[in-house]
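Order of the sequence lines sets the chain letters (A, B, ...), proteins ahead of strands, with each chain counted from 1. This one's a predicted model, so the numbers in the text were calculated from it and none came from an experiment.
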Number of protein chains: 2
Amino acid sequence: MAVTIKDIAVEMGITPSSVSKALNEKSDVSTDLKRKVRQVAQEMGYKKNMLAVRLVTMKSNTLGVFIFSRTKIRNSESTAYKYLNIMLNEAKKYGYDIVLFSIESSLSENKSYIDLCRERQVEGALFIGFENNDYHLEELVHSGLPVVMIEKNISSENTGCVMVDNAGGISLGMNYLFTLGHEKIAFIKGHFAAELSEIRFSQYRKMMEEKNIYSDRLVFEGDFSLESGYAVGLRISEMPELPDAVFASNDLMAIGVIRAFSEKGIKIPDDISLIGFDNFEIGKYVQPKLTTIAQNFSDIAESAVTMIFNMINSGLHGRSVLLDPELIVRESCAINKKYTD
Amino acid sequence: MAVTIKDIAVEMGITPSSVSKALNEKSDVSTDLKRKVRQVAQEMGYKKNMLAVRLVTMKSNTLGVFIFSRTKIRNSESTAYKYLNIMLNEAKKYGYDIVLFSIESSLSENKSYIDLCRERQVEGALFIGFENNDYHLEELVHSGLPVVMIEKNISSENTGCVMVDNAGGISLGMNYLFTLGHEKIAFIKGHFAAELSEIRFSQYRKMMEEKNIYSDRLVFEGDFSLESGYAVGLRISEMPELPDAVFASNDLMAIGVIRAFSEKGIKIPDDISLIGFDNFEIGKYVQPKLTTIAQNFSDIAESAVTMIFNMINSGLHGRSVLLDPELIVRESCAINKKYTD
DNA sequence: AAAATTTACGAAAACGATTGAGAAATATTA
DNA sequence: TAATATTTCTCAATCGTTTTCGTAAATTTT
């Protein structure tokens, strides 16, 4: 069917090994033959069979990428894709392919992530999002396979992670809110199965407690989705006394809140301030423009790929790298009026 | 390193072929041996090497998917990911893997899409988005490799496509607008390199011309991005006389328009009606809620995968399938006041 | 009990490449 | 010119499977 080096060999009256070496620019073949072989290969439409190459060289040059879609954690398909895109381009620079794994179906097959990786001979695995209750984590950590996770804080010999400094991001936002004179700051938590939900909330709680102004009644359960933000927004609007501000665990929920408040006639930032987390582009187009904490998705993905290649090629251990978030001030926060009284 | 069937064979004092047959549930091996082999394999932590399997069986069980990221056509990373996700799950049902290809890097390597596919032995390729000026199209069509494209209307022996009926979608929106009494309908075109931009615009133009109300001054260039929608919105707001309505080629641009109008004090839908295309979830949360044309991304992706497997397994030819769009009426369109005068 | 059939396993070739060791051809040195 | 060194190619093993064919043993049929 397809033309092989053997075909080229018989065509040229030489051996397959010479063809292989010529095509791979080995030193023990004359430049003249190289040229001829290249030309014949071209003419015959030869394409090397990577399956064979990888089998014999025992190098798959392949990275596995797992994206969690089962529960739509963070509801941010768009960020998953951003990550994926960067990973793809970075991997290509190293000459690696990326094979995608979907979580839901692999679980139904009753194959663990490691099984999938071993079968495909992937040299490393990248995880985008990881659920707290996933019992495969243990296995991953002890597998020996280089693994790096995004949005899940972990580091061991063979597993690393890269994520934004979520606690730092919350601090940035909280301090900004404090500076503006806000004290009754409500918080909308993210999806319970995402580790960063807990991290963000903990930092919020810690900072509120330090000021002795923490109250359970100020925290609301969300799941990172627009809808959940909207639902919480409605509930907040019905509180006997409005909070000074609300800190949403992500932009999507913040936008849901904007919608709810708008329907209830609550003005942002006049009646209440609002801050999000992520810095999605859409935040610049909602009314009011959303003040938020930015995380650089490209940097995260790039660091993840860099780390995994360091682990694969240089045998480095997994590390936990935290990237700096940034406060993006736009229009959804204002000075607390009560403060000026 | 890793345990192979040979290892199992020596361990059990049988031959590799028996192990292979046992593991593959072949009929010419006793159920007793099968059981034993399974157990030993399990104990020894055997994982079959798919590279070897695929090489010998001459079946890669792999689909290639190409996503165009070079020019951020449609600016809809999120839809690309939605497509990808469905494809992944559908492919898994057939026992296929998906390897991802990034367009930009492949071009820099000077390897055509077909080269990449042939090397990896992929059995079919899925394209998400395709640029008008991509000169590789010709090669694809004549490659013999099963290919199906999303958002690019083409069909030949080995290439098919699936997309929403864009012209029909525009008709839906235009007729709705006409019913509401609008005549001066502005149109924001999508990215010039996307085929569907032309399709959508053509239908708009056709319907306007049928009513003899087409004017070049009512059409604006966009590129599917929020920013471009915003920019056009600003320009529209500065027109000597406001149009009755604006039809944006996608929701993102419509949201940009909302922002621009809001800043200029133009009320939607009181002063002007607005309609989008895509039915992104965010449309329900902007103010006013966006009326739009819905396309079902899941259906599109599923159809694409189904088609490619039909081509791969049953040798069916590529077809061009058009899915029905739907008008989603929300709040951004109202009856034309001039009409009621 | 002999013949025919079935069952269960082994031997070996294959898939398409790579690679180190060895052989042949050519070039270099003494 | 002979000996040595260098270049250039061939040989053959290998990667981990699958699969066809062959054959001995077990089973069934006559």
Report, one line per pair, each donor and acceptor closer than 3.5 Å where one atom sits in a side chain of residues 297-304 of chain B; sequence neighbours left out.
from	atom 1	to	atom 2	distance (Å)
B/Asp299	OD2	B/Asn296	ND2	3.2
B/Ser303	OG	B/Asp299	O	2.7

Got a list of protein N/O to nucleotides 24-26 of chain C N/O distances below 3.5 Å?
none

For this session: With sequence neighbours excluded, tell me which residues meet ring-ring contact (aromatic ring centres under 6.0 Å, His included) with A/Phe192.
Result: none

Seminar exercise, completed: Applying ring-ring contact (aromatic ring centres under 6.0 Å, His included) to B/Tyr46 and not counting sequence neighbours gives none

With 3.5 Å as the limit, what N/O pairs link the protein to nucleotides 18-20 of chain C?
from	atom 1	to	atom 2	distance (Å)
C/dT18	OP1	A/Asn24	ND2	3.0
C/dT18	OP1	A/Lys48	NZ	3.3
C/dT18	OP2	A/Ser20	OG	2.4
C/dT18	OP2	A/Asn24	ND2	3.1
C/dT19	OP2	A/Lys26	NZ	3.1
C/dG20	O6	A/Lys21	NZ	2.9

For this session: Starting from the first five and the last five pairs of the helix from C/dA1-D/dT30 to C/dA30-D/dT1, work out the angle between the resulting helix axes, to 10 degrees.
Result: 40°

Can you check the [X] [atom1] to [N] [atom2] distance for me, whole Å?
| X | N | atom1 | atom2 | answer |
| --- | --- | --- | --- | --- |
| A/Lys59 | D/dT14 | NZ | C1' | 19 Å |
| B/Asp7 | D/dT17 | CG | C1' | 13 Å |
| B/Leu55 | C/dG16 | CG | P | 7 Å |

Could you tell me which residues satisfy salt bridge (Lys or Arg N to Asp or Glu O under 4.0 Å) with [X], sequence neighbours excluded, listed by chain and number?
| X | answer |
| --- | --- |
| A/Glu138 | none |
| B/Asp32 | B/Arg35, B/Lys36 |
| B/Lys6 | none |
| B/Glu43 | none |

For this session: Mind running a 4.0 Å heavy-atom check of residues 36-45 of chain A against DNA chain C and sending the residues that fall below it, in number order?
Result: none

Could you list, one pair per line, each protein nitrogen or oxygen that sits under 3.5 Å from a nitrogen or oxygen of nucleotides 5-7 of chain D, together with the distance?
none

